[in-house]
Amino acid sequence: MSGDDAAAQSKAVQQQQRNITLGADHPELAPSLLGLGVVHLDRGELAPARAEFERARRITARLGPAHPTLAYCHVALGRVALAERHLEA
């Protein structure tokens with residue numbers, strides 16, 4: 001296993017532990033989900049990356065219309081216009 005694979009696997013295990021501790025939809029998970037999405041994206045794994053970004057978006061959408069993490073989720077998903085609205089609100 002390469003160093004990158006080991007790091008990604010370690011992040012996934014940490015995320016699972018946080019899911020158990022906080023609950024699968026806790027707002028504190030959104031930044032970690034974004035990070036996992038970036039790892040998947042860097043590895044060329046588009047479907048898992050999108051799934052992590054979408055999950056983070058769903059969680060942060062409940063926090064209100066103007067949230068920087070929600071804006072970042074939209075950028076990661078290629079929705080720049082939506083991101084700008086969340087940053088301006």
Side-chain angles (χ1 to χ4, degrees):
M1 181 180 308
S2 74
D4 289 340
D5 289 340
Q9 186 175 10
S10 176
K11 267 192 148 181
V13 168
Q14 289 172 354
Q15 182 63 41
Q16 287 174 337
Q17 291 170 340
R18 289 189 76 191
N19 282 349
I20 292 168
T21 302
L22 298 174
D25 292 329
H26 195 282
E28 288 183 25
L29 293 176
S32 296
L33 294 169
L34 286 171
L36 285 173
V38 170
V39 169
H40 286 299
L41 198 59
D42 287 346
R43 296 175 71 186
E45 301 167 350
L46 301 181
R50 183 177 183 82
E52 298 296 355
F53 294 143
E54 284 288 355
R55 184 168 165 217
R57 184 200 55 79
R58 283 192 305 274
I59 290 170
T60 55
R62 296 181 311 201
L63 301 177
H67 197 281
T69 303
L70 183 56
Y72 185 80
C73 291
H74 284 300
V75 169
L77 291 164
R79 301 172 185 157
V80 177
L82 282 173
E84 288 173 348
R85 285 195 307 209
H86 289 289
L87 291 173
E88 293 171 356

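Basis for what follows: all heavy atoms, side chains included, without hydrogens, waters or symmetry-related copies. In this text, all values refer to a predicted model and were calculated from it rather than measured experimentally.
Checking each of Leu34, Leu41, Leu36 against Glu52 for a side-chain contact (heavy atoms from CB on, under 4.5 Å) leaves exactly one that passes, namely Leu36.
One distance of note links CG of Asp25 with OG1 of Thr60; it measures 11.0 Å at 0.5 Å rounding.
The nearest pair of heavy atoms linking Gly37 to Ala49 is O-CB, 3.4 Å.
Pro48 is linked by a side chain to side chain contact (heavy atoms under 4.5 Å, CB included) to His40, Glu45, counting only residues two or more places apart in sequence or in another chain. Shown here are the side chain to side chain contact (heavy atoms under 4.5 Å, CB included) partners of Glu54, two or more places apart in sequence or in another chain: Arg50, Arg57, Arg58, Leu77, Arg79.
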Just do the side chain to side chain contact (heavy atoms under 4.5 Å, CB included) check on Leu33 and Phe53 with the steps written out, would you? CA-CA 7 Å; Leu33 294 169; Phe53 294 143; over 6 Å; no
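Hydrophobic clustering, with ILVMFWY side chains joined whenever heavy atoms are under 4.5 angstrom apart, keeps Leu46 apart from Val80.
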